[in-house]
Every structure is written in structure tokens, then in C-alpha cells.
Amino acid sequence: MVWLACAGMGVATPLSAGWVSNEEADFILGDARLPDPWTLRNASDVDVDASSGKVFVVDAGHHRVLRYPSIAAYANGEPAEAVLGQPDLYQAEPKTTASGLNTPYMATLDGAGRLWVLDAGNFRVVRWDQAATVPSGASAVQVLGQSDFVTASNGGDGRMSQPTALAMDSKGRLYVGDSMGRRILRFDGAASKTNGAPANGILGQPDFQTIVVGKAPNQFEAVSDLAVDGQDRLWVADFMNNRVVRFDAPASGNNLPANAVLGQPDFDSTGREYGPSVVGMASSLAIGADGTLYVGDGTGRRVLRWKNAGTLPNGAPADGVLGRKDFTSTAEYGNSPAEWIGGVSRMCLDGEGRLWVADGQYSRILRWDDVRTRANGAPADGVLGAMDPAVLFRVVPEKAPFAATAVLEDPVTGKFYVADYARVLRYRNRATAEAGGAPEAALGKTSLTSSGAGFASQVNLGSAWGLALDAQGRLWVSDRDRNRVVAFDQAATAPTGTPMSRVLGQPDFVSSAKGLSAKGLSAPGAIAVDASGNLWVADSGNHRVVRFNAAASKGAGAAADAVLGQPDLVTAATGNEAGRFNGPRGLTVDAAGRLWVADTGKHRVVRYNEPMKALPMTDPSGTLGRSGATDGLSMREPAGVAVTRGGRLWVADMTYNRVLRFDNAAQLTNTAPASGVLGTAVVNKVPVDGRTRRVFRRPMGVSLDANESLWVADVNNARLLRFTPDSLATVEAMERTAAGVWRLRFATQGAGTFTVQSSTDLKVWTDEAAYKLGAGVSQWHERPADGVSRYFRIYEP
């Protein structure tokens, strides 16, 4: 916030309320990486154009394919020269269009320079011609698996259920691994087909309608990758059967049996034991012109090598391994991350005999030169992305959060708290956190460098989910993984390692078992302390909300005083009754004392106008949301709620990857539509996920700071996003008259009730006057000067 001072009188920027849907966040706390020409997120495949030497990388997490000018530029970390699937190199939102992609998994180049991309989230394969020169944002010219570029339905004869792999043979046949269909589709003369043309052949199933799972030579459990060798033999990574199978003439018929198996001794075995002859969860394939086969071993997190693979008998042992020291080692080893692999997503071989491995777990690409001759455990010759996985998004623990879920700003002391996985970070103030400053303490840990869960104790949190401050400055924390709620006294000054002062849900500080009783809790989520010091807990695992009256006076393991959502304190049933909950995760108490509960399993938010008087199974006073299609009336697993002083309700609609806004929520009728949305352009748009300033990946919580800016816990992106809307009020003038009167004039850009507040310390604010005004109005506010320096701000509707 920017403060302007003037002769003992200051003015703060207004508390903003000009919300519009699909706003961009104006600040990111946590993993602040955004898409750009250098950054990869979950790189899933790489291929090299033999003619131009250009490199194509499937950047799945950013819903795009990046093109680099050369192998040298790519290996040296130079920026990409172009992007497909996005309009430019700085955007990353999934789309179902001719120029968009949604979670692409894989790409391959054919001999004519055409790029084929497996667009998994859209259940299709799309093609770009002249891929080496096509400009950024260009539209694809062909689609298979869908009738057009704007449809994304799955399953059926000519459609794909969950496409995971593709390969092209020398005759222009395209093979597509359809994982959920447990089959491989074959498209003959693929480049000449019309959009949406059906497949010509099938492997793994007797016909296009049947789905059978098995381990017989003509069956698959889950197809994860495909490769075609120089003799047009088809190699299949059968992921859950822990094997690789070979078809010598795959285009000669349908439902053919495989000719050989590697990674298992025979077609009846599916074990995952470590060794040179076993592949655990075969994830990826690459095969060289000399017939050397490379297989990504998902369980062992390694690459196995078989020379002359097409001539080997069933169960033949591999002759080389990369990513692990030897055939029996499972642990990471060595002094450099280049010596081990976090997880093989995809692989490819270029014309110079280099093996490129997409290490999706660590968002990097590893390169081995002359791979056919490398010794077991040889380190990679190049790494694109992060050499050290610790810097991918887990920033240095003593300097910043790495898995934040909630924030809380103390209006009295100005301290700023961040719930960060298994600890609570305390900053001197919000400005320090926003400027990238280090926290001054970590509550729930013995040092700022400690971040793991560890064992339950009086100084160690297992998780930090909900935060609440009481009137005495005591910080309450829901420790979801330890099935308890704990408190830290004098939280504003408590140093790192301070013991917890209170525990509820457990009889002591070292117990952590789930409990269903007046004294037990199960996976508690959000918490709130009301004006009377009563503690409300969303006891998610027990499908209820419990209340501890005068919580600060309770001893360890004290019984709850009341319950909502269940008939008593020993029942945890789900049902259709309006007064019964199903896994509530979020709650808050608003300025009027109303209790709001995110009833996650019932896809709704409920309100109790007088919660202290409510009986255990009392019907809520109001309900928003319902289970149903993606629209402004429905929700899908709402996980967090927050309410402004003026009554605006925010809902983290977790599974639909959006945040819903309800203005004047307490006055709305049941299942009223949302007033606006963040995370998508319109409330009835099909939910997507992504990684920009506009979109989320499973938002699990919402919080408000002292300025009522909205903080969204974008958990799967490991970050908190802050949204501050455009202001509806602008300060035009301020003065102190000769008669000793302070005057402040502001103008409105929108209609509503505007409250002028004053403060002497920038922490505690007092309402002075409220003005109900239309748009385009100038308003003077006056008050007598009292010899004390004051600051003013405007609370907007």
C-alpha cells in the first residue's frame, strides 16, 4: 500500500472494490515463476528435426510446444524462438481451438517436417506443417480424434479416451496409444485424412467398442509410450503391466498378439523387482537407428538399455542403465543431480546419437552424448532447466514460503502470518513479505531452515491449514495432519521454536490419532474465532463443524461444546438432509456474527445467521451453490470461504479451478448465481487449470488481508495470488482549514456506500462516516482537528 502524508494528516489508497471477472493477480507469493521463453513446467517430451536441427519441447504444464533454433542453443539454455499452442511465449492458458493446446503429452516429427502433437486434455492429435518455420501462435492444419478444433469429447469409435502416446512409421501410418481405452489406434496415411477421420486399425481390443484389460500378448493394462524402429516394428510401453512388448508387423491386422516382451520373463509376469531384466511401470521409449532400445523405468527412476533389441528373446536382461549407479541400486547417488533421474516422462534420440530425457519431476531435460557407449551410471552431459531440484519451487526455507495455504494479517500489530505446509511464517508486516523479505519467525518449527512435518510435539506442526487470531493476540492453527488445533500465545513476538500453549482434538501434544468424539478431531480444516472468543472448527473428516466456547480457557483435549452438521458429537454420517455436512473444509465468521461453511462434499456454501442458537441439525439460514454443470449456480468441492466487512463472499471452488464472488451474499436467495469469477473469463466456461496470473490449479483457500485484498491459495502451483481490484474512489484534495477542521474530498467512479476511516497508527482503523453515493460524485468529509496526526482511508462497497 502507498501512503501519502500531509501536515499531520495522511490518506491511504482506498480499500478497493471495483471487481471484474477474470482479473490478473497483482502479486505472487511463493513460486512466482510465470511462462516465458526460458521456463519449463513439467516438460514431457522432446524431439529434434533431422533436417533443420531445430528442437521441439512439449511444455505440458504451460500447455504449449516450444521450438529452439538448434541443439546448441537448447542445451545452453537460450530462449525458445517460437511457441505453438499459445499466442506468444508469455501465456499459458489451455484452450480448445486450432491454435491452442490443453496439456499436451507428446510430439513427433515426420519425414516431411510435419509436427504431430498429442493434445491429451483435448483428447486429440493435431498437426502443424513446416514446423521448423511456422510462426508462434499458428493454427494447426489437421485434427484426429475430434470432428473439429473446438470439440473435446472423449471415448467412442473414432475418439480417444485418454491419449498418451503417438508414433509414426516410414509409410506415414500414425499410431496413437489410447490409455483408458487400453488400445492402440492406427491411422493409415494419416496426413491425408480429413479432420475427425476414424482409425483404420486397432491393437489391444477385438473391436472399437470393447474395453478389456489384461496381460495376454494381445492385451494392455495402460499404454504409456510407443516407438517405431527402422523395420517399422512397433514397440509399446505397457505401463501397469511393467513391460515393453514388440509387434513385428503391427499394420497387418487387428487385435494381433505381440511377438516379444522385455522387462518381464514372459507374458504372464508383471512384477516390479529391481534388476536388469525387470521394468517397473514402463513410462517411455526411444529406439536408435542401430536397433538399441531405451526404456524409462518409472519405479526405478532410471533408463534401461537393450542393444539389438529386436533380436532378443523374451525377458532378456538390459545391458546398460542411466540414472542409477547400477542395476540393483534404487537411491539417488553422486555429487551432481546430473547423475540421477527424478522421473522419466519422455525420451528421444537425435541424429548424433544423443539421448534426451524429459525429467518431468524436476522440470528439466537431461542429455547424454554417445549414449550407446556410456557406462552404467554415467552422468548426463547437459542439463536444461534446474541443476538442483531444490530451487525449482522450494525456495530457501528461511527466506520465503514454498507451499503456502493461507494468510492472516493482524490489524493490531501489523504482523503478517503465512500458513506454509508444516509451519507458520511470521513477517514484520505484509510489505516485508511482498517485497521478498525474510520472515522473522517460524512457528511450529525449531528453526527457519526446518520445513518437514516430523513427529507430533509441542514445538512441531505436521501441517498448517487454517489460521485465526483471538483478541489476546493468540494464534490458533489447525494442524490437519495431526488431527488437532493448537495455539501460540503472544504470537506477534513469539520466537521460532516457541512451544504451543494449547491443544484441542488430542489429549496431549504428542498424540495425533483421528478421533470421533467431543474431544476428538479428524483432518480439521479452516478455523475461526468469533467476537466472544469461541473457536469454530471445520472438522472435515468427521463431516461436522464443532465449537469450543471461550477456547482460550480450555485445557488440553477439552470437549467441544456444540456441533453442527451431525445430530451429536459421536456421529459422522453423510446424508441428504439440509442440516447435515459432508467433509466441510472451509468456514469463517463475518462481521455480523454469521457463520459461513464450505460444505465441500455437498458442493455448496451454507450460512447460519445465528450460529450460537443453532441446534446440531438445524437447517442453514441460506445456501449457495449446488452440484451440477459448470455455471454461476453450481460449485465443485468448494474448499475455502472469506467474507468482507461489507458482505462480499469469496469461495474457492477447488475442482472447478476458480474463485466465485457473491456480492451482498447474506441477502441472496438460495442457489443464487455468482456475481463474478476469478480463474476464467465467464462463470459458465468449462473449468481449466494453468499457470498465469489469471488461472489456478486447485485453489484450496481464500483469505483477506487488512485492506481486504483477496489472497488465493493456488496449491498445485505452490503459490499465493493476491488480487486487488480497481478503485471506485479517488482522493481529490485534503486540507486543514484555519478553523481547525480536517477536510478530505473524494470522487466516485462507481455507485455504493463509501465509509471514511481514520487511524493514528496505520493499524487500527475507526469508521467516521458513511456516504451512499452514485457514480461520478465528489464528496467532502470533515472532522475537527484534535492535535493528533491521523491517516484516512476509504472503505469501498
Side-chain angles (χ1 to χ4, degrees), residues 45-56 71 106-116 118 131 165-177 184-191 200-201 203 223-238 243-253 256-263 279 282-296 303-314 316-320 322 344 346-357 367-374:
D45 196 14
V46 58
D47 203 1
V48 181
D49 182 11
S51 298
S52 67
K54 295 192 176 184
V55 178
F56 294 81
I71 290 174
M106 194 174 180
T108 190
L109 289 148
D110 64 20
R114 293 177 288 237
L115 180 71
W116 300 81
L118 186 76
L166 78 169
M168 181 77 68
D169 73 7
S170 64
K171 305 297 191 299
R173 303 185 189 99
L174 179 70
Y175 295 91
V176 179
I184 296 171
L185 301 175
R186 188 187 80 241
F187 297 86
D188 297 338
N200 299 99
L203 296 173
V223 177
S224 59
D225 201 5
L226 303 173
V228 175
D229 65 18
Q231 286 71 48
D232 279 344
R233 292 177 293 217
L234 179 67
W235 297 82
V236 182
D238 190 4
R243 66 188 186 183
V244 176
V245 296
R246 187 188 80 231
F247 294 87
D248 290 342
S252 62
L256 299 171
N259 298 95
V261 59
L262 294 175
V279 175
S283 62
S284 183
L285 303 173
I287 192 159
D290 61 355
T292 300
L293 176 70
Y294 301 86
V295 179
V303 173
L304 296 173
R305 182 188 68 212
W306 282 268
K307 295 178 182 177
N308 302 311
T311 66
L312 298 176
N314 291 348
D319 57 69
L322 297 173
V344 182
R346 288 287 184 266
M347 299 184 294
C348 83
L349 284 158
D350 65 26
E352 304 299 322
R354 290 176 286 238
L355 179 70
W356 299 78
V357 177
R367 188 193 81 245
W368 279 270
D369 299 337
D370 300 318
V371 66
R372 190 173 184 274
T373 63
R374 302 305 293 274

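All of these numbers come straight from a predicted model, not from anything done at the bench.
Distance check, rounded to the nearest 0.5 Å: CG of D169 to CG of L226 gives 11.5 Å. One distance of note links CH2 of W306 with CG of L293; it measures 6.5 Å at 0.5 Å rounding. With rounding to the nearest 0.5 Å, the separation of OH in Y175 from CG in D188 is 7.5 Å. Here CZ of R305 is found 8.0 Å from OG1 of T373. Values are rounded to the nearest 0.5 Å. Put simply, CG on D248 and CG on D232 are 11.5 Å apart, with the number rounded to the nearest 0.5 Å. For the atom pair CD (Q231) and OG (S170), the distance works out to 9.5 Å, reported to the nearest 0.5 Å.
Salt-bridge formation is not detected for the pair K54/D49: no Lys NZ or Arg NE/NH1/NH2 atom is positioned less than 4.0 Å from an Asp or Glu carboxylate oxygen.
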Q.
If you apply the rule side-chain contact (heavy atoms from CB on, under 4.5 Å), what do you find for L355 with M347, and how did you get there?
A. CA-CA 7 Å; L355 179 70; M347 299 184 294; 4.2 Å; yes
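Between V371 and L322 the shortest side-chain heavy-atom distance falls below 4.5 Å. Looking at W235 and L262, their side chains come closer than 4.5 Å, going by heavy atoms from C-beta outward. Residues V228 and M168 fail the side-chain proximity criterion, which asks for heavy atoms closer than 4.5 Å. Counting heavy atoms from C-beta on, the side chains of R173 and N200 never come closer than 4.5 Å. At least one side-chain heavy atom of V279 sits under 4.5 Å from a side-chain heavy atom of L304. I184 places a side-chain heavy atom less than 4.5 Å from the side chain of L234.
Of the possible polar contacts, none joining the R243 side chain to the A282 backbone as a donor-acceptor pair under 3.5 Å is found. For the pair D229 (side chain) and G291 (backbone), a donor-acceptor distance under 3.5 Å is absent. When atom types are taken as modelled, the side chain of D225 and the backbone of L285 share a donor-acceptor pair closer than 3.5 angstrom. Between the side chain of S283 and the backbone N or O of S224, no donor-acceptor pair lies under 3.5 Å.
Shown here for D370 and R374, the closest heavy-atom pair between the two residues is O-CG, 3.4 Å. Nearest approach of L349 to G288, heavy atoms of both residues: CD1-N, 3.3 Å. Residues M106 and R346 come closest through the heavy atom pair SD-NE, 3.4 Å. Taking all atoms of both residues into account, the shortest heavy-atom contact from A131 to L115 is CB-CB, 3.5 Å.
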